[in-house]
Amino acid sequence: MPRRCTVCDHPDRNGIDEALVGGVPYRSIAKRSGLSESAVYRHKTEHLPTHLLKAKEAEVVAQADDLLNQVRNLQAHALDILERAEKAGDLRTALAAISQARGNLELLGKLAGELDERPVTNVLISPQWLELRTVIVGALEPHPGAREAVLRALEGGG
Ligand SMILES: [Zn+2]
């Protein structure tokens, strides 16, 4: 059974995490919260990065879900307009609504795909990857042909 972390169990864990992120020395946090310095230090190095990552991921997912909802809303409107335009025999408006609905479907498909590929997407936006990518692309600067091929391969997403 893993040892419990007194900071993770602390009622003011969020406050402690915020203080750590804000650069407050772990010694003063320990004193203030009645925790041992070693516990705060261990929490900072072992647990805080995971907490932050999870919070960030939750935020990204929430944003994507929100976007998805908005596109679904747009699609409902487009289909509504299409139905009314067809009933009114307004073919020009019906055609515009169809075109709009098709665009929404493409967007929905793309969003759904991105949501499914979330772990892959996360790897591709990790700072380490971006740094490596910059190094690769920079190293290929004198070889425009190779550089372009690599960029195409990278952006193609495999
Ligand atoms: Zn902890």
Side-chain angles (χ1 to χ4, degrees), residues 1-81 100-158:
M1 178 148 171
R3 188 167 40 165
R4 304 285 303 226
C5 170
T6 48
V7 182
C8 283
D9 288 345
H10 198 278
D12 188 30
R13 201 199 79 194
N14 283 339
I16 295 170
D17 281 353
E18 271 169 31
L20 285 170
V21 170
V24 179
Y26 61 85
R27 285 180 191 83
S28 17
I29 294 173
K31 199 173 284 178
R32 200 169 65 191
S33 319
L35 294 156
S36 76
E37 283 182 21
S38 61
V40 176
Y41 178 74
R42 195 175 61 237
H43 174 80
K44 181 187 179 179
T45 52
E46 291 175 13
H47 302 151
L48 186 60
T50 317
H51 291 163
L52 292 179
L53 196 64
K54 276 187 184 148
K56 184 72 197 156
E57 273 175 7
E59 195 184 306
V60 169
V61 170
Q63 281 170 0
D65 285 347
D66 187 45
L67 198 56
L68 203 56
N69 278 334
Q70 289 187 38
V71 180
R72 283 198 182 115
N73 240 328
L74 278 178
Q75 180 68 333
H77 280 301
L79 293 177
D80 185 48
I81 288 171
Q100 198 64 52
R102 195 191 55 200
N104 289 339
L105 280 181
E106 277 170 13
L107 201 51
L108 278 172
K110 199 158 172 277
L111 279 172
E114 272 170 19
L115 291 179
D116 286 345
E117 290 160 15
R118 209 171 285 148
V120 176
T121 307
N122 281 347
V123 169
L124 292 179
I125 60 172
S126 79
Q128 290 88 346
W129 164 245
L130 289 178
E131 205 180 308
L132 180 63
R133 189 183 185 282
T134 308
V135 168
I136 293 173
V137 173
L140 289 171
E141 197 85 59
H143 315 283
R147 186 168 172 271
E148 201 183 309
V150 168
L151 274 176
R152 243 199 326 267
L154 292 177
E155 266 142 36

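Only a predicted model underlies this, so the values are computations on that prediction, with no experimental measurement involved. First listed ligand is number 1; within each ligand, the first listed atom is number 1.
- Among pairs with a residue in residues 7-18, those fulfilling salt bridge (charged side-chain N to carboxylate O under 4.0 Å, His left out) read Arg4-Asp9, Arg13-Asp17, at least two apart in sequence or across chains.
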With a 3.5 Å cut-off and sequence neighbours excluded, list the donor-acceptor pairs that the side chains of residues 20-34 form with protein atoms.
unit_1	atom_1	unit_2	atom_2	d
Ser28	OG	Pro25	O	3.1
Ser33	OG	Ile29	O	2.9

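- The shortest side-chain heavy-atom distance between His47 and Val7 does not fall under the 4.5 Å cut-off.
- Residue pairs meeting the ring-ring contact (aromatic ring centres under 6.0 Å, His included) criterion with at least one member in residues 48-68, sequence neighbours excluded, are His43-His51.
- Listing protein N, O or S atoms at distances below 2.8 Å from the Zn ion (ligand 1), with waters left out, gives Cys5 SG, Cys8 SG, His43 ND1, His47 ND1.
- Atoms CZ and CD, from Arg72 and Gln70 in turn, are 12.0 Å apart once rounded to the nearest 0.5 Å.
- Residues Thr6 and His10 form no side-chain contact, since every pair of their non-hydrogen atoms from C-beta on lies 4.5 Å or further apart.
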